[in-house]
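Input: a single structure, listed below in structure tokens.
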Protein chains: 4
Amino acid sequence: MPPDDKPMRADALRNRNRILQAAEQVFSERGPAASTEEVANRAGVAIGTVFRHFPTKADLLREIMKGLLARLVSDVEMLRRDRPPGTALFAFFTTLVAQAARQKTVLDLLAEAGTELSIPDAVGMLERSVDGLLTSAQDAGTVRRDVHLPEVMALLGAVCQGAVTGGWDERLQARTLAVVFAGLGPAT
Amino acid sequence: MPPDDKPMRADALRNRNRILQAAEQVFSERGPAASTEEVANRAGVAIGTVFRHFPTKADLLREIMKGLLARLVSDVEMLRRDRPPGTALFAFFTTLVAQAARQKTVLDLLAEAGTELSIPDAVGMLERSVDGLLTSAQDAGTVRRDVHLPEVMALLGAVCQGAVTGGWDERLQARTLAVVFAGLGPAT
Amino acid sequence: MPPDDKPMRADALRNRNRILQAAEQVFSERGPAASTEEVANRAGVAIGTVFRHFPTKADLLREIMKGLLARLVSDVEMLRRDRPPGTALFAFFTTLVAQAARQKTVLDLLAEAGTELSIPDAVGMLERSVDGLLTSAQDAGTVRRDVHLPEVMALLGAVCQGAVTGGWDERLQARTLAVVFAGLGPAT
Amino acid sequence: MPPDDKPMRADALRNRNRILQAAEQVFSERGPAASTEEVANRAGVAIGTVFRHFPTKADLLREIMKGLLARLVSDVEMLRRDRPPGTALFAFFTTLVAQAARQKTVLDLLAEAGTELSIPDAVGMLERSVDGLLTSAQDAGTVRRDVHLPEVMALLGAVCQGAVTGGWDERLQARTLAVVFAGLGPAT
DNA sequence: CATGAATGAGGCTTCATTCAT
DNA sequence: CATGAATGAAGCCTCATTCAT
């Protein structure tokens, strides 16, 4: 989401993206405490270039989060198109946990930065998307009607965090999600 | 668990405990990035004393974790004594989430330090305790037989992380746990 | 004083002047530590353009000084034309102090850059001009004969510096100059 | 003026003083833009030690100023004791200009830092001291009664600045001060 | 043993200057 | 010529750790 009042030069844009990718990697691996210098190295640019594009480390973190959240929103949209409404929400849980390593950044940042970083818009969009999934699932009868968005978001976050920090393997992911899905499903 | 080859003088032991308490507070509030100096201040000792007791910041963190995990183990034992076997596991989930703020340290540390810190013993003990809870619940018929320890631990961790980093209020804690409990319960 | 071996295109010259004006403003307000980038912004040109015209920040500073000194010289000439010879020197003092804010740049630069910047020609010209003022005043009998140019220049500089860094208001300017003028005047 | 709630260890105090001296030198020579690192080198301590004693560069500058101003105040007091009241003020002017190189720091800081640094107490004390000198001189009849403190302070500052940034030699100092003294003296 | 001063590597950020577009 | 992105040295400051008192 580069703010392009003026189109932005080709090379600058390429660097911007390289930096964003490098940052995503680095912060995923080392947590948000990783140094900006390392991001620069991994991106193959000088440290000054990172700061030209993102005047502050927090700006860089914020931008990564925006990107990740945007990607999640589009994942949701894709699922709504390609899956039967009754399973799309479950599929989203599964995807999310499977990608957890990538999502680590999102969660860590939400945790670490907390008050400082603020990207309510992006978060709000994701919530609206997931709400769509939930409603569809309830209409299809695969999720109980007394389940509401907040706990779904909470479970999404929890399970994702858990997967990341706990290092769940595939089998464990499946078994854990099975419990959650059973909990969401119709009462009988 | 002071390494007591030589008994350790009374005042030294008192300092050790003060430091541990202070550290728990400080790291809970500020995250593991908080400075050792602040721990020393809060404990009312000089920085050198902290490093005499815990040669490395990581050692200090590790020791806190051990303490927290030990406390969890004793929580579990207490629940086994005081609660009907069918609900003890659920009670433990509830307790854990409610105390999440305190547990923040545990999780953060697990996340942050990851590979560096390693405290398999303490974790193992907690796992054995929880396994007891699980088996009892299954015997009592309040938890499905095809639920196994790994996913229970996973859910415990996930839900705890979620509660902390998501800042769930009491209502949200209850609703989220309701889903999980439904998922653990008998299939109808 | 653009170095015009080749005449220089009209737009280039306009940029040169814009940069010079901007630089004068910026350095007056923020001191010589202000960034070249800000000069470029204020001038409405790109940073590269500033460095094309002035290969070094020091070059830019030097050029500003030359300009300011040249302006002072022409102020002196004007006073010699428009004022009675007995008061022109005093008038120059007064003008200078009143404009001190503008002159801040000159002085700061002299102070800050010291050895690095060197602009003997321009300073020499100003000295010759002021010498004219001094001689006239002495001929008119308003300044003592045993006062020489060096101390006049020194007082000029001192009073100007003082006015700038001390933030003298009008009343204080007047009272201070009154002392200096009394000191310069005939003995009885 | 170390704030000695607790007496302060001998070595710490020695370092503190070494740093202060080094800083005075460095900032005199290179201006307030000189690097803290250089101060550390000159003082023969590590950079961290400088920051332990003065948490901020501004704190260091402020402390130097306090010290210099305090020394000036004591200079004044000494003059009042050792000199006839009619000449003490003039002697102070002379001393000040002669030491200008040392005082450079004071003035530069006053100029450069302006709003940021604030040490009103120390400045106020100096003003009160100089006021004493002025009154004495007026009582002794060596300074006109219609001269007031503000312009004396202004001239002091101006002449000092001038001496520093202008690099006046002894002869020039004398001639310039002669003019000022004549201006302060009785109207004939 | 406790104290707290000293160390110095490392992090974030700024800015003069260079160079591809 | 102008543009503005890239560079990288350098500055300020923090903090884990060591060591003299």
Side-chain angles (χ1 to χ4, degrees), chain A residues 6 8-16 19 33-40 43-60, chain B residues 8-13 15-16 33-41 44-60, chain C residues 8-9 11-12 15-16 33-41 44-60, chain D residues 6 8-16 19 33-40 43-60:
Chain A
K6 301 291 165 52
M8 197 176 208
R9 254 206 250 164
D11 57 343
L13 188 57
R14 205 183 54 240
N15 274 341
R16 204 191 125 94
I19 291 168
S35 85
T36 311
E37 189 88 36
E38 181 160 359
V39 172
V45 301
I47 182 69
T49 303
V50 176
F51 279 91
R52 160 169 275 266
H53 286 284
F54 307 95
T56 281
K57 190 182 180 180
D59 290 325
L60 177 53
Chain B
M8 197 175 210
R9 279 163 41 176
D11 57 342
L13 188 59
N15 273 344
R16 205 192 122 94
S35 85
T36 312
E37 188 87 40
E38 180 158 0
V39 172
N41 290 342
V45 303
I47 181 72
T49 304
V50 175
F51 278 89
R52 164 167 287 272
H53 285 284
F54 307 94
T56 279
K57 190 180 183 183
D59 290 326
L60 178 53
Chain C
M8 199 174 210
R9 279 163 40 174
D11 58 342
N15 273 344
R16 209 192 120 93
S35 84
T36 312
E37 189 89 37
E38 180 159 359
V39 173
N41 290 343
V45 302
I47 181 72
T49 304
V50 175
F51 277 90
R52 165 166 287 272
H53 284 284
F54 308 94
T56 279
K57 190 181 183 181
D59 290 324
L60 178 53
Chain D
K6 302 288 162 56
M8 198 174 207
R9 253 205 251 166
D11 57 344
L13 189 57
R14 206 184 54 239
N15 273 342
R16 203 192 125 97
I19 291 168
S35 84
T36 310
E37 187 88 36
E38 181 160 359
V39 172
V45 302
I47 183 67
T49 304
V50 176
F51 280 94
R52 159 171 275 266
H53 286 283
F54 307 95
T56 280
K57 190 181 180 181
D59 290 325
L60 178 53

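Residue numbering restarts at 1 for every chain, and letters A, B, ... go by the order of the sequence lines. Basis for what follows: all heavy atoms, side chains included, without hydrogens, waters or symmetry-related copies.
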Original post:
Between A:Thr56 (side chain) and A:Asp59 (backbone), is there a donor-acceptor pair under 3.5 Å?
Top reply: no
Considering only distance and modelled atom types, tabulate donor-acceptor pairs under 3.5 Å from the side chains of residues 47-54 of chain C, sequence neighbours left out.
none

Subject >> Which residues share a side chain to side chain donor-acceptor pair (under 3.5 Å) with A:Asp11, sequence neighbours left out >> reply: A:Arg9
[X] has an atom [atom1]; how far is it from atom [atom2] of [N], in whole Å?
| X | N | atom1 | atom2 | result |
| --- | --- | --- | --- | --- |
| D:Asp11 | E:dA6 | CG | C1' | 9 Å |
| D:Met8 | E:dT3 | CE | P | 18 Å |
| B:Asn41 | E:dA2 | CG | C1' | 15 Å |
| A:Leu13 | F:dG4 | CG | C1' | 15 Å |
| C:Leu60 | E:dT17 | CG | P | 10 Å |

Subject >> Nearest non-hydrogen partners of D:Leu60 and D:Val39, listed with the distance >> reply: CD2-CG1, 4.3 Å
Presence of [X] side-chain N/O under 4.0 Å of [N] phosphate oxygens OP1/OP2:
| X | N | answer |
| --- | --- | --- |
| A:Thr49 | F:dT7 | yes |
| A:His53 | F:dA6 | yes |
| C:Asn15 | F:dC1 | no |
| D:Arg52 | E:dA5 | yes |

Original post:
Dot-bracket for DNA chain E, 5' to 3', counting Watson-Crick or G-U wobble pairs under 3.5 Å, with [ ] for crossing pairs and | for inter-strand pairs?
Top reply: .||||||||||||||||||||
Dump the pairs, protein N or O against N or O of nucleotides 11-14 of chain F, anything under 3.5 Å, distances to one decimal.
| unit_1 | atom_1 | unit_2 | atom_2 | d |
| --- | --- | --- | --- | --- |
| F:dC12 | OP1 | D:Lys57 | NZ | 2.8 |
| F:dC12 | OP2 | D:Thr36 | N | 3.0 |
| F:dC12 | OP2 | D:Thr36 | OG1 | 3.3 |
| F:dC13 | OP2 | D:Lys57 | N | 2.9 |

Original post:
For A:Ala12 and C:Ala12, take the nucleotide of DNA chain F holding the closest heavy atom to each; which residue's nucleotide lies nearer the 5' end?
Top reply: C:Ala12
